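Since the structure comes first, as C-alpha cells, the remarks are kept for the end.
Numbers restart at 1 for each chain; the letters A, B, ... are given by sequence-line order, proteins then strands. Quick caveat: nothing in here was measured; it's all calculated off a predicted structure.
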Amino acid sequence: MITIKHLFKSFKQGKVDFKVLDDLDMTIKEGKMTAIMGRSGAGKTTLLNILCGLCRMDSGEYYFQGKPIDLSTSSKADKFRNQNFGIITQQPSLLNDYTVYENIALPLEYQKIAKKDIEKIVTETAQELSIDEKLEQYPDELSGGQLQRVSIARALCQNPSIILADEPTGSLDSAAEIEIVELFKKLNGLGKTIVIITHSSFIASYCDEVITIKDGKAFT
Amino acid sequence: MIKYEITKNLFRYKTLKIMSIITLSLCFFSVNIILSNIFDVSYMDGRQENRIPLKLVDNMDETRTLSIYFTDINRLRDLKLFSNELENAEEFDYCAFYSNYINIAYNQAIPQEMFAFQEHVRGTVYGEDVLGVNAIQVGKTASEFFPLFTADGRYFTDQDFNFNDKYINIILGSSYKDIYKVGDQTKIEYWGKLFDATIVGFLDAKSYIIQHGKSISLSNYIIAPFLDCGDDPIQEDDKVYQGISYTSFINGYAFLKDGYNTTDIISKIDSLCKIYDIPAFAYEGMNTISLGFLNFVLQLGRQELYIFGAVTYFTAFLSFYIIQQFISSRNRENYRIHFLMGARPLAITGYISLDILFQIIAALVGTTFVYSFYIGTIYFNVKLILLVFPMIVITISAVVYRDVVKNYYFKEKK
C-alpha cells in the first residue's frame, strides 16, 4: 500500500547536519497492522510525519497504492493527508470546549459533509466504539481509555485508507492499553490498514508486521 | 465550522484577553493624547517651535448668558477687561481664534462649498440679500502662531483690527479668487452688524487650521479680524456685535511662556474668571484626570515628544505582543488539532487574526467610550485608526508565522 525508497531526511542542529533517516526503504502492506519501533530519537515520528505529508523528504520516492506521490507543496500534502489518513496521537488531542460529538464531527465539518450525514456517521462510529452514551459530554469528563476511543472514532469516521497512530497507548494504564490495542485489532479485522508507532513490545506482539528503525534505516 | 470555532475561540483565555485589551486601551489612550499634540506641534512648524497651545473653550450658555453682555454694559466692560487680561498675561501668550459663519452679500457665483450650512443658507439682513458662508475670526497675534500666508494682496495690519462703525477689511480663502479680486468691496453681516467690507488679500491655497484634531483647508473661508472695540457701544447693533465678538474672542489658544506650565495657565484663568464673573472654562483635550499627563507632554519639545510617543507605543505594543504570544502558545494545541483534522492554514490564520482583531476592536471601543466620557472632546480620528492598522498587520504576521507554520509537525518524544 505504501512503498518508500531511498528516503533521506536530516535536520540541522546548530551547524551540524544530523541525519535522521538514511537511505530508508520500507513497505506497509494493505490490510495489515504494522508496528514501527525504535529507540527514542531513531526517527519514528519523523517517518510518521513524512508518511502523512506533514514533513518533506530531503530525497526519496513515495508510492501510495502503487502510484508515486507528489508532496512538494503544502496544499498537495494537506489534501493527500486529509483524504487518506486518520491520525491518532499519544495525547488524545481533543478540543476541551467541544463535546465528544463535536470532536468526532470535526474532520467531517472541514470536509463540508451535510449535517444530516455527519450525525449519522458520528452516531454509528460512536456505537461501534461503545461511546455513544458519551456524545454530549466534554473530554474532561471522560477517562483516558474513553478519550482515546473518541480520538479513534474521530479518525475512523473519515473512513481513511490508513490509520496512523503515534504512541496511542503511551499515556494509558495497562488495562486501558489492552482495551485500545484490542480495538485496533478489531478494526484491522474489519479490513483497516493500521500503522502504530510504539515503544511497546506488547503492542508490537499484536501486529502482523514490525518495522524497526535503526541508524536511519528500516528493518523488518 | 469556522464560525463556530471563531465564537469558541473568542471566549477562550478570558483573563489573558482582558489583560490584553486593557494594555491596548492604555496604549490607545496615551498615544492619542501624544499624537494630538505631535499633530499640533507639526501644525506650528516653523512658527512657534515646541510651543504647544492649550485651547480655551468657554462654558457660556449660547442664548441666556450671551444676552447679558448685550444688555448689561457693566458685564460687557468686565468681559473686555477679561479679554485684555488674557492678552497681557505673564504666564502665556494669548491668540484669539474662532470659527463662526459670516453672512456675505448674495453673489450667485459663490459655490456650495463655501456655505456654512446645508439649509437656510440664504436670507435677508438689514434689507441685504445674504449667504451664510464659512469664516474664521482672528486676533492680532494669530499670524504669529498659525500659518496664515497671503498669496495675493496683503495680510491684516494693526489698523485693520481697530473698530470702525462702517468699514472692515477682510481676507478670503483661495477659492474666492474666481469671484472677487483684491480691492473689491462687498457687504458682510458680521455678528449682527452690517459692514462695507474691502478684500485686502487672498490666502495661500495651502492654508489650513486644526479643529478638533482635524486639518481644515481655509480655501473656502472668509478671514475676518476681531475688532478692538475699546469704547462702549452706541448703536443697538454695536451692542450685539460687541457682545458676540468678545464672547468669541475669549475662545482662543494659550501658549505657555518659559517657566510656566499648564496648571499655571488654568489657575490664572480660573482666578480671572472669578474676578470678572465669567463662567469657568473648559480646556479642549484635557480634564483633571489627564491634566498631569498632558502637563508632562506639554513640557516636552518636539523631539522628546516623538521619542516619548515612540517609546510608549513600542512598550505597549511589546506587551500586547507578549500577551498574544502567551495566548497563542496556550491555544497552539487547539490550532494543531484543527489543522490535523483538515482545517486549511488559511482558516487557522483567520481564527488567530480574528481573535486579535476582536481584542483590538474591544480596546478601541472601550477607549473611545472612556476618552469621550472623561476628556470631553473626542479626538478619535484617522490618526488612531492608522495606529491600529500596523498593529493588526504586525501581530498577525508574527503570531501566525510562528504558530501555524512552525508547529506543523508531531514532536519527537524523548
Sequence neighbours excluded, the answer for ring pair (Phe, Tyr, Trp, His ring centres under 6.0 Å) partners of A:Tyr62 is A:Phe80
Counting heavy-atom pairs under 4.5 angstrom with chain B, the leader among A:Gln111, A:Gln158, A:Arg154 is A:Arg154
Taking A:Gln146 for the side chain and A:Ser143 for the main chain, is one N or O donor matched with an acceptor at less than 3.5 Å?
-> yes
Exercise. What do the steps show when you test A:Lys44 against A:Asn49 for side-chain hydrogen bond (donor to acceptor under 3.5 Å, both in side chains), and what is the final call?
Worked result: CA-CA 9 Å; A:Lys44 303 185 297 293; A:Asn49 283 325; over 6 Å; no
Bottom line for A:Ile197: the part with an atom under 4.5 Å from chain B's heavy atoms is neither
Most contact-rich option vs chain B, by heavy-atom pairs under 4.5 angstrom, among A:Lys79, A:Glu102, A:Lys112, is A:Glu102
Which of B:Lys8, B:Lys14, B:Arg12 passes salt bridge (Lys or Arg N to Asp or Glu O under 4.0 Å) with A:Asp97? Answer is B:Arg12
